[in-house]
*Asks:* 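Encoded as structure tokens, here's the structure I'll be asking about.
Just so you know, these numbers come straight off a predicted model, no measurement behind them. Per chain, numbering begins at 1; letters A, B, ... match sequence-line order.
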Protein chains: 2
Amino acid sequence: MSDGKTFEQIVASADDLFYRQGFENTSFADIAAEVGISRGNFYYHFKSKDEILNAVIEARLADTRAMIAAWEAETEDPEGRICCYIRILLDHQSEIMAHGCPVGTLTSELAKLNHQAQGAANGIFTLFRDWLRLQFERLGCGAESDRNAMRVLAWSQGVATLANAYRDEDFVRREVEEITGWLRARVRDCAA
Amino acid sequence: MSDGKTFEQIVASADDLFYRQGFENTSFADIAAEVGISRGNFYYHFKSKDEILNAVIEARLADTRAMIAAWEAETEDPEGRICCYIRILLDHQSEIMAHGCPVGTLTSELAKLNHQAQGAANGIFTLFRDWLRLQFERLGCGAESDRNAMRVLAWSQGVATLANAYRDEDFVRREVEEITGWLRARVRDCAA
DNA sequence: GACGGATTAGGACGTATGTCCTAAAGAGTG
DNA sequence: CACTCTTTAGGACATACGTCCTAATCCGTC
């Protein structure tokens with residue numbers, strides 16, 4: 001019933017379209033066209049559009065966990081790991097300039113729709129937040145760790161929003177350097 | 001034809017609803033219900049929904065200009081003026097936690113819709129950006145002025161996005177203090 | 001009070017959408 | 001080949017939406 005090839009394709013296309021066009025603005029016809037199936041076929045795999053959204057959020061949660069796992073495999077150094085997160089802004093620069101941050105724009109849209117999946121979408125933020133907090137704790141930031149994690153999240157969200165508005169590559173590059181510099185200083189302070 | 005009482009009410013209600021529910025997700029029926037007029041009456045004042053959006057953006061531009069003028073009347077001190085901008089986060093805290101930043105969420109939505117009014121909506125950002133840059137220039141930040149202005153914009157945008165996601169009052173308050181502290185340090189650096 | 005332009009109400013129209021239903025096609029098993 | 005369960009196609013259905021049209025109402029002026 002679930003977890004077939006078509007199921008995965010629907011989720012993948014919906015994921016992409018929700019990111020590029022927004023959830024509300026993406027129709028079944030859009031997804032069907034991209035997957036190459038008929039419109040009526042959705043209801044064999046999903047009971048409603050909201051259920052597709054839930055599956056997309058699940059997929060994003062899984063992707064995020066995998067991404068974090070890859071960063072953990074990349075380096076043991078907490079500061080280096082935090083830099084991995086910051087580097088998303090560069091690695092996905094063109095997509096971010098075109099469509100913003102996938103997490104931030106989705107949570108914003110769901111907040112306006114008063115959608116039930118809001119909490120689930122926030123879970124993606126929380127995945128990053130908790131992991132970043134852990135890295136700051138390992139750096140000795142103690143009680144400040146969560147605040148630092150939130151600062152990194154907020155900073156990157158702001159950069160994504162303005163990058164999307166102005167499509168300015170240099171701005172993104174400069175801010176990434178600035179965040180990295182702030183991080184270095186913060187690590188020094190915490191270690192002291 | 002234009003600029004009547006009904007016209008103003010439509011723009012005011014649309015402005016409010018676009019903020020709370022999003023542009024795409026707000027229908028003529030919604031606006032009509034809030035203003036108390038019939039649905040078909042819109043087309044006497046506006047040729048299309050996009051024209052309402054344009055009027056809303058015009059109104060927001062005017063409001064922003066008025067807000068900036070009020071700040072300029074409030075104090076001559078550039079640092080104090082920048083603090084006025086930062087203080088929006090506190091003055092409109094509950095709305096921001098409920099619906100995000102009106103500017104950031106609108107530009108994000110229009111970007112996803114590939115809407116023609118995207119540029120006009122960015123103009124609101126630019127109003128703040130140019131004015132903030134001017135204040136930094138007067139503080140002696142020189143070539144760094146625009147970067148500092150963008151940083152203040154980005155920071156506040158990020159705080160708004162996360163405030164909307166987590167609805168955490170303390171987080172907003174802490175970040176405002178942090179930005180203010182950063183500003184003080186930056187002013188010191190520039191003056192030196 | 002009568003006229004005329006400004007404004008409004010109400011509904012028609014075509015389209016798009018989410019949802020649902022049913023018949024057909026596909027795939028695997030005996 | 002026959003049977004069954006899974007999967008798909010295609011369209012029906014009600015609803016909501018943006019747009020447009022027309023008749024009615026308001027209101028200031030003569």
*Asks:* Is it true that A:W155 and A:E175 share a donor-acceptor pair across their side chains at a distance under 3.5 Å?
*Replies:*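 Present: a donor and an acceptor within the cut-off.
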
*Asks:* Distance check, rounded to the nearest 0.5 Å: A:L162 atom CG versus A:Q157 atom CD?
*Replies:*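 It comes to 11.5 Å.
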
*Asks:* Of all the nucleotides listed (C:dA6, D:dA12, D:dA9), which has the minimum atom distance to the side chain of A:N41?
*Replies:*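 Nucleotide nearest to A:N41's side chain: D:dA9.
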
*Asks:* Let me know the distance between NZ of A:K5 and P of C:dA27, rounded to the nearest Å.
*Replies:*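 My rounded result for the distance is 11 Å.
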
*Asks:* Any side-chain N or O of A:T6 less than 4.0 Å from the OP1 or OP2 oxygen of D:dT7?
*Replies:*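 Answer no for this pair, as no side-chain N or O of A:T6 is under 4.0 Å from OP1 or OP2.
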
*Asks:* Applying side-chain hydrogen bond (donor to acceptor under 3.5 Å, both in side chains), which residue pairs with at least one partner in residues 179-192 of chain A are found, sequence neighbours left out?
*Replies:*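 Non-adjacent pairs meeting side-chain hydrogen bond (donor to acceptor under 3.5 Å, both in side chains): A:E144-A:R186, A:N148-A:R186.
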
*Asks:* Considering non-hydrogen atoms only, spot the tightest contact between A:L153 and A:Y85 and give its length.
*Replies:*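 The answer is CD2-OH, 3.2 Å.
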
*Asks:* Rounding to an integer number of Å, can you tell me how far B:F23 CZ sits from D:dG18 P?
*Replies:*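 Atom-to-atom, B:F23 to D:dG18, this comes out as 8 Å.
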
*Asks:* What is the distance from CD1 of A:I37 to P of C:dA24, rounded to the nearest Å?
*Replies:*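 Answer to the nearest Å: 21 Å.
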
*Asks:* Which whole-number value in Å describes the distance from B:L113 CG to D:dG18 C1'?
*Replies:*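 So the CG-C1' distance, B:L113 to D:dG18, works out to 15 Å.
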
*Asks:* Output the rounded distance in Å from CZ (A:F42) to P (C:dT22).
*Replies:*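 Result: 21 Å.
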
*Asks:* Rounded to the nearest angstrom, tell me the gap between atom CD1 in B:I31 and atom P in D:dC17.
*Replies:*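 It is 11 Å, rounded to the nearest whole Å.
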
*Asks:* Between A:K47 and A:N25, who's closer to the 5' end of DNA chain C by nearest nucleotide?
*Replies:*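 The 5'-side residue here is A:N25.
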
*Asks:* Between D:dT8 atom P and A:I10 atom CD1, what is the distance in whole Å?
*Replies:*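 So the CD1-P distance, A:I10 to D:dT8, works out to 8 Å.
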
*Asks:* Starting at CZ of B:R39 and ending at P of D:dC20, how long is that distance when rounded to a whole Å?
*Replies:*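 To the nearest whole Å, that distance equals 14 Å.
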
*Asks:* Ignoring backbone atoms, test whether A:S38 places a side-chain nitrogen or oxygen under 4.0 Å from the OP1 or OP2 oxygen of D:dG10.
*Replies:*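 No, A:S38 has no side-chain N/O under 4.0 Å of OP1/OP2 on D:dG10.
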
*Asks:* Is B:Y44 near enough to C:dT7 that one of its side-chain N or O atoms lies under 4.0 angstrom from OP1 or OP2?
*Replies:*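 Answer yes for this pair, as a side-chain N or O of B:Y44 is under 4.0 Å from OP1 or OP2.
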
*Asks:* For C:dA6, take OP1 and OP2 only and decide whether either is under 4.0 Å from a side-chain N or O of B:H45.
*Replies:*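 No, because none of the side-chain N or O atoms of B:H45 sits under 4.0 Å from OP1 or OP2 of C:dA6.
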
*Asks:* Would you call the rings of B:F125 and A:Y166 parallel, tilted or perpendicular, where under 30° means parallel and over 60° means perpendicular?
*Replies:*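 Rings of B:F125 and A:Y166: tilted, as their planes differ by 30° to 60°.
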
*Asks:* Taking the side chain of A:K49 as its heavy atoms from C-beta onward, which of C:dG18, D:dA9, D:dC17 lies nearest to it?
*Replies:*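 Minimum distance to the A:K49 side chain belongs to C:dG18.
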
